[in-house]
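Taking it in order: structure first as structure tokens, then the write-up.
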Amino acid sequence: MKNDVSPFNRYRNMWIMVFFDLPTDTKTERKEAARFRKALLKDGFVMFQFSVYFRFCTCREMADLHIQRIKKVLPSKGKISILAVTDHQFGKMELFIGRKVDQSIERPQQLQLF
């Protein structure tokens, strides 16, 4: 079998993307924004761009669990969007740095238990 993910897993594995725009005008708002970002990091999300975080999940049920966790720590102000896509859909994303194609996103390694 190839090192690639099987076709079945490409449709079962999920990526959660969190996009947010939070106010940071006051000290309280900055604290709340920092608390939200730290909660995302603690839950295994990785910063992709400023205010854009990703997390890989092995199934839809796991993605739903992490989405519920995000909903529990939503700040009182600001705009937050959550998008879950399959690994196959995520793999079709084109990334650029300037006009050059960026190949730096790596698929997470999965453990194999015998």
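These figures come from a predicted structure and were not determined experimentally. Residues: numbered from 1 along the sequence shown.
Using modelled atom types, one side-chain atom of Glu29 and one backbone atom of Asp25 make a donor-acceptor pair closer than 3.5 Å. Put simply, the side chain of Glu94 never gets that close to the backbone of Val101: no donor and acceptor are under 3.5 Å apart. The closest donor-acceptor contact from the side chain of Arg55 to the backbone of Val46 lies at 3.5 Å or more, if one exists at all. Under the 3.5 Å distance criterion, the side-chain polar atoms of Arg12 are left unmatched by any main-chain donor or acceptor of Cys59. Between the side chain of Gln68 and the main chain of Leu65, no donor-acceptor pair closer than 3.5 Å is present.
Contact annotation: the side chain of Ile80 approaches that of Pro75 to within less than 4.5 Å [non-hydrogen atoms, C-beta and beyond].
Considering all non-hydrogen atoms of both residues, Val85 and Met17 come closest at CG2-CE, 3.3 Å. Residues Pro23 and Lys77 share a closest heavy-atom pair of CG-CB, 3.8 Å. Contact detail for Leu95 and Met93: the closest heavy-atom pair is CD2-SD, 3.3 Å. Closest approach of Leu22 to Gly78, counting heavy atoms only: CD2-CA, 4.0 Å. Between Arg30 and Thr24, the shortest heavy-atom distance links the atoms NH1-O, 3.2 Å. Residue Ala84 comes nearest to Met14 through the heavy atom pair CB-CE, 3.9 Å, listed as atom of the first residue, atom of the second, then distance.
Under the 4.5 Å side-chain contact rule for hydrophobic residues, Val52 and Leu41 do not share a cluster. In the hydrophobic cluster analysis, where Ile, Leu, Val, Met, Phe, Trp and Tyr join through side-chain heavy atoms closer than 4.5 angstrom, Ile16 is grouped together with Phe20. Hydrophobic clustering (ILVMFWY, side-chain heavy atoms < 4.5 Å, transitive): Met62 and Leu83 are in distinct clusters. The hydrophobic cluster containing Phe50 also contains Ile82, counting ILVMFWY residues as joined when their side-chain heavy atoms lie under 4.5 angstrom apart, directly or transitively. Placement of Phe54 and Met47 in two distinct hydrophobic clusters is found when ILVMFWY residues are connected by side-chain heavy-atom separations under 4.5 Å, directly or transitively.
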Show your working on side chain to side chain contact (heavy atoms under 4.5 Å, CB included) between Arg69 and Val73 and close with a plain yes or no.
-> CA-CA 7 Å; Arg69 287 182 185 167; Val73 295; over 6 Å; no
Start with the C-alpha gap between Phe48 and Val18, add the side-chain angles, then the distance that decides, and say whether side chain to side chain contact (heavy atoms under 4.5 Å, CB included) holds.
-> CA-CA 10 Å; Phe48 181 69; Val18 180; over 6 Å; no
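Using cut-offs of 30° and 60° for the angle between ring planes, the His66 and Phe45 rings count as perpendicular.
Aromatic pair Phe19/Tyr53: ring centres not closer than 6.0 Å. For Phe90 and Phe56, the ring centers sit 6.0 Å or farther from each other.
With values rounded to the nearest 0.5 angstrom, Asn13 atom CG is found 12.5 Å from Gln89 atom CD. Of the inter-residue distances, the one linking Ser76 atom OG with Phe36 atom CZ reads 12.0 Å to the nearest 0.5 angstrom.
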